[in-house]
Amino acid sequence: MRMEEALAELERVQTQLLQRISKLEHSYLPSSLSKNDTVQDAGTDTVARLSSILRSNGVPEFSFKRVPSDYYDWPLEARRDALSAASIHHLCKSIVLVNTQAPANVVDCTNRNNSKYYVVVVQYTARFNAEAVKNFLYSLNNGSIAKKKFNMRLAPEETSMELTGYGHNAVTCIGMKTDIPVILDEAIVKLTPDFFWLGGGEVDLKLGIRTSQLIKFINPFIVNCSSN
């Protein structure tokens with residue numbers, strides 16, 4: 001009987017632990033996905049537009065949060081706390097790259113395998129590796145294009161604005177003016193929990209999103225293109 005009681009007690013404790021772990025895992029999301037946060041920013045055109053795009057494309061788990069004007073002067077730890085992000089590694093950014101050595105006939109984004117421009121989503125804690133993207137694109141085209149024809153560089157700010165419709169520190173890979181192919185750094189896909197933050201279309205607006213749902217929506221190239 002004592003053995004049965006001991007097993008029952010063990011089972012009870014294990015159940016409590018699992019419940020606590022589950023609550024801890026979801027503690028990152030309830031605050032991020034609360035209705036109050038969404039309603040608070042729903043008056044802005046950007047939030048309304050991007051929310052509509054996300055929901056209509058099967059992305060129900062996302063959140064918008066406003067940040068102070070001096071947000072980018074803060075250390076990553078403070079930014080993490082402001083967004084209730086899981087870690088500083090869950091803080092990401094979208095950058096627009098231009099292939100400065102693209103053949104003369106490659107002038108836009110019609111061919112996602114050999115586009116003039118790409119949007120790359122990387123972590124703030126990672127060091128972006130443009131060479132890795134170059135090698136990926138070369139392999140993607142089965143070596144049919146000379147490697148010297150790939151030279152990925154950060155696009156000028158005015159070019160980024162013209163292509164995406166978003167200004168500096170506001171770029172997001174959702175709802176861009178141009179359908180630019182997206183490269184998602186593999187390190188982001190490996191994050192736990194799979195909910196990360198990036199620009200939200202305005203300088204003081206951040207978008208938190210479920211990684212797996214984003215991938216299904218935008219179908220990015222997933223590339224190991226950074227180092228810590």
Side-chain angles (χ1 to χ4, degrees), residues 26-74 78-86 90-97 108-109 112 115 117-124 155 157-185 188-189 191 193-221:
H26 284 83
S27 67
Y28 298 117
L29 293 178
S31 60
S32 302
L33 300 174
S34 67
K35 293 180 180 179
N36 291 335
D37 284 344
T38 304
V39 172
Q40 180 182 346
D41 295 317
T44 68
D45 291 339
T46 301
V47 170
R49 184 176 70 87
L50 296 186
S51 295
S52 177
I53 291 173
L54 290 168
R55 290 194 183 100
S56 63
N57 284 279
V59 183
E61 294 182 71
F62 64 89
S63 174
F64 288 97
K65 283 195 176 183
R66 291 282 174 190
V67 295
S69 58
D70 61 347
Y71 173 85
Y72 285 102
D73 296 328
W74 297 0
R79 300 186 201 180
R80 172 201 62 200
D81 295 343
L83 297 173
S84 298
H90 287 72
L91 305 177
C92 304
K93 59 184 175 181
S94 302
I95 57 177
V96 179
L97 299 183
D108 54 25
C109 306
R112 74 191 305 259
S115 175
Y117 304 96
Y118 287 91
V119 168
V120 180
V121 183
V122 293
Q123 298 162 296
Y124 273 100
E157 191 171 328
E158 58 272 19
T159 302
S160 174
M161 175 71 178
E162 181 181 349
L163 291 170
T164 66
Y166 304 122
H168 182 60
N169 285 337
V171 177
T172 184
C173 57
I174 306 298
M176 294 183 290
K177 188 176 178 182
T178 307
D179 187 16
I180 311 174
V182 177
I183 295 174
L184 183 65
D185 186 19
I188 298 174
V189 180
L191 288 172
D194 69 328
F195 189 93
F196 72 98
W197 292 84
L198 69 165
E202 296 177 18
V203 177
D204 64 345
L205 186 63
K206 299 300 158 195
L207 168 62
I209 195 164
R210 178 72 70 184
T211 315
S212 54
Q213 295 175 5
L214 175 69
I215 290 173
K216 287 181 180 179
F217 168 30
I218 65 174
N219 188 31
F221 294 114

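Positions are given from 1 along the sequence.
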Heavy-atom side-chain contact between [X] and [Y] under 4.5 Å:
X	Y	value
Pro220	Val121	no
Arg79	Tyr72	yes
Trp197	Arg80	no
Leu83	His90	no
Leu205	Arg66	yes
Val189	Leu184	yes
Arg112	Asn219	yes

Working to the nearest 0.5 angstrom, can you tell me the gap between [X] [atom1] and [Y] [atom2]?
X	Y	atom1	atom2	result
Ile53	Phe217	CD1	CZ	6.5 Å
Ser63	Leu54	OG	CG	11.0 Å
Leu198	Tyr124	CG	OH	9.0 Å
Leu50	Phe62	CG	CZ	9.0 Å
Ile215	Ile209	CD1	CD1	10.0 Å
Leu207	Lys65	CG	NZ	12.0 Å

Side chain to side chain donor-acceptor pair (under 3.5 Å) with Asp70: which residues, sequence neighbours excluded?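 Listed in chain order: Trp74.
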By side chain to side chain donor-acceptor pair (under 3.5 Å), which residues pair with Asn57, not counting sequence neighbours?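 Applying side chain to side chain donor-acceptor pair (under 3.5 Å) to Asn57 gives none.
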If the condition is ring-ring contact (aromatic ring centres under 6.0 Å, His included), which residues does Phe221 pass it with, not counting sequence neighbours? Phe136
Run the side chain to side chain contact (heavy atoms under 4.5 Å, CB included) test against Ser212 and tell me which residues pass, sequence neighbours left out.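 So Ser212 forms a side chain to side chain contact (heavy atoms under 4.5 Å, CB included) with Asp194, Arg210.
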For Asp108, the side chain to side chain contact (heavy atoms under 4.5 Å, CB included) test, sequence neighbours excluded, returns Thr110
Just by modelled atom types, is the Gln213 backbone N or O under 3.5 Å from a matching donor or acceptor in the Glu61 side chain?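 It does not hold such a pair.
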Determine which pairs satisfy side-chain hydrogen bond (donor to acceptor under 3.5 Å, both in side chains) with at least one residue from residues 164-185, sequence neighbours left out, and list them in order. Arg49-Tyr166, Asp185-Ser226
Which pair of heavy atoms, one from [X] and one from [Y], lies closest together, and at what distance?
X	Y	answer
Thr46	Gly200	CG2-O, 3.4 Å
Ala86	Pro193	CB-CD, 3.5 Å
Lys206	Gly199	NZ-CA, 4.2 Å

